[in-house]
Number of protein chains: 2
Amino acid sequence: MFELDLRSRAPVYEQLVEKIKELIIYNVLKPDQQLPAVRVLAGELTINPNTIQKAYRELEHRGYIYSVPGKGSFVKPAVPGNNTARLRALEDELAKIVSEMLYLGVTPQEIITRIKMQLPEDEGGKRDD
Amino acid sequence: MFELDLRSRAPVYEQLVEKIKELIIYNVLKPDQQLPAVRVLAGELTINPNTIQKAYRELEHRGYIYSVPGKGSFVKPAVPGNNTARLRALEDELAKIVSEMLYLGVTPQEIITRIKMQLPEDEGGKRDD
DNA sequence: TTAACCGTACTAACCTATATAGTACGGTTA
DNA sequence: TAACCGTACTATATAGGTTAGTACGGTTAA
């Protein structure tokens with residue numbers, strides 16, 4: 001499914017949260033798609049099942065997945081208009097990144113260009129949806 | 001100078017790194033401006049000088065400040081065109097944030113609008129340089 | 001030159017967070 | 001029933017963060 005960097009100083013469960021979150025927002029994992037079982041993923045990554053569960057618990061707490069005892073864990077469909085708190089946090093991060101790019105000498109035009117390349121329905125960049 | 005969240009799970013020295021980095025990229029701390037002495041800042045924040053030093057060491061390692069024994073620590077002027085590695089990391093982060101905004105239902109037009117508000121030499125947003 | 005700063009380095013101790021191992025329970029499904 | 005699923009719990013070992021204290025060399029102004 002993905003790889004981990006065990007030499008990293010970042011906790012394994014946090015790396016898991018980030019990786020899975022990316023797979024969700026990049027639409028690699030589709031809404032309501034089932035995630036690997038805790039024990040299965042633990043076996044594949046050769047880490048402890050408790051660590052997987054901690055990551056899943058965190059992902060559920062952040063609203064990216066939902067778990068059903070006896071059935072499995074699944075990707076939670078996003079509800080547009082919800083998560084205003086998360087959106088505010090994202091805008092803060094965005095502002096910080098843009099500021100640092102300006103600080104590093106990137107021109108405003110270049111910044112706009114780079115971002116438009118990430119967006120759908122535009123020439124110059126396509127998303128694999 | 002700023003405040004810390006001692007209840008946060010994030011390490012104090014990492015919070016320090018982030019806060020000071022923000023002050024630098026937002027141009028609140030000007031190039032070659034002297035930072036508070038290790039012991040002074042430790043006194044103001046009522047934390048251990050070792051923790052401040054750890055943050056300063058990390059900031060120096062990341063290229064945001066430079067320290068001179070006997071004199072002090074200072075804001076390192078940015079060199080445009082340098083730090084291509086950091087720029088690549090920023091673009092990755094940017095792509096992730098844009099993807100999550102799309103995932104949360106923000107339209108591409110709105111994303112562009114929000115970013116343009118962060119940029120100088122445009123109506124609708126100003127930077128305090 | 002002395003005194004007061006500056007960054008830096010080091011040890012020791014404490015505490016929390018992380019990760020592992022093992023066991024167990026209830027719900028689901030073929 | 002058997003084999004899965006998520007979940008919970010204890011215990012243990014280790015790593016990282018923080019504090020405390022001490023110390024050293026460079027800088028600067030009195």
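By convention in this document, chain letters (A, B, ...) are assigned in the order of the sequence lines, proteins followed by strands, and residues within each chain are numbered from 1. From a predicted model like this one, the values you see are computed outputs, not experimental measurements.
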Using a heavy-atom distance cut-off of less than 4.0 Å, which residues of residues 8-19 of chain B contact DNA chain D?
-> B/Pro11, B/Val12, B/Tyr13

Does the pair A/Arg114/A/Glu110 count as a salt bridge with the N-to-O cut at 4.0 Å?
-> yes

Should A/Glu100 and B/Arg86 count as side-chain neighbours, where that means a heavy-atom distance under 4.5 Å?
-> yes

Here the ring pair (Phe, Tyr, Trp, His ring centres under 6.0 Å) pairs for residues 33-52 of chain B, sequence neighbours left out, are none

Among the nucleotides D/dT19, D/dT7, C/dA21, whichever has the atom closest to the side chain of A/Asn50 is C/dA21

Heavy-atom nearest pair, A/Leu45 first then A/Leu4, reads CD1-CD1, 3.9 Å

Verdict with supporting geometry, A/Glu60 and A/Lys76, salt bridge (charged side-chain N to carboxylate O under 4.0 Å, His left out) | CA-CA 9 Å; A/Glu60 183 164 25; A/Lys76 187 172 181 179; over 6 Å; no

Please tabulate, one pair per line, each protein N/O and nucleotide N/O from nucleotides 28-30 of chain D that are separated by under 3.5 Å, including the distance.
{"residue": "D/dT28", "atom": "OP1", "partner": "B/Lys71", "partner atom": "NZ", "Å": "3.3"}

Starting at CE of A/Met101, measure out to CD of B/Gln118 and round the result to the nearest 0.5 Å.
-> 13.0 Å

Near DNA chain D, under 4.0 Å by heavy atom, which residues of residues 36-48 of chain B?
-> B/Arg39, B/Ile47, B/Asn48

Can you tell me if the side-chain N/O atoms of A/Ser67 get under 4.0 Å from OP1 or OP2 in D/dC5?
-> no

With sequence neighbours left out, write down each residue that passes side chain to side chain contact (heavy atoms under 4.5 Å, CB included) with A/Pro11, or none if nothing qualifies.
-> A/Tyr13, A/Glu14

For DNA chain C, what is the dot-bracket line, given that a base pair needs Watson-Crick (N1 to N3, plus N6-O4 or O6-N4) or G-U wobble (N1-O2 and O6-N3) geometry with both distances under 3.5 Å, and | means paired with another strand?
-> ||||||||||||||||||||||||||||||

Whole-Å gap separating C1' (D/dA23) and CD (B/Gln53) = 13 Å

Partners meeting side chain to side chain contact (heavy atoms under 4.5 Å, CB included) with B/Pro49 (sequence neighbours left out) | B/Val38, B/Ala42

Within the structure, does a side-chain N or O atom of B/Thr51 lie under 4.0 Å from either OP1 or OP2 of D/dT19?
-> yes

Quick note, ring pair (Phe, Tyr, Trp, His ring centres under 6.0 Å) partners involving residues 47-81 of chain B, not counting sequence neighbours, are B/Tyr66-B/Phe74

Partners of B/Asp32 by salt bridge (Lys or Arg N to Asp or Glu O under 4.0 Å), sequence neighbours excluded?
-> none

Distance test, side-chain N/O of A/Lys54 to OP1/OP2 of C/dT18, below 4.0 Å = yes

A/Ser73 vs D/dC5: side-chain N/O to OP1/OP2 distance below 4.0 Å | no

Set of residues satisfying side chain to side chain contact (heavy atoms under 4.5 Å, CB included) with respect to A/Ala78, sequence neighbours excluded | B/Tyr103

Measure the CD1-CG distance between A/Ile65 and A/Leu29 for me, rounded to the nearest 0.5 Å.
-> 10.0 Å

Expected output: side-chain B/Thr51 to main-chain B/Ile47 donor-acceptor under 3.5 Å | no

Looking at residues at least two apart in the chain, or sitting in another chain, which of them share a side chain to side chain contact (heavy atoms under 4.5 Å, CB included) with A/Ala85?
-> A/Arg88

Between B/Pro49 and A/Pro69, name the one whose nearest nucleotide on DNA chain C is closer to the 5' end.
-> B/Pro49

Using a cut-off of strictly less than 4.0 Å between a heavy atom of the residue and any atom of DNA chain C, enumerate the qualifying residues of residues 57-65 of chain A by number.
-> none

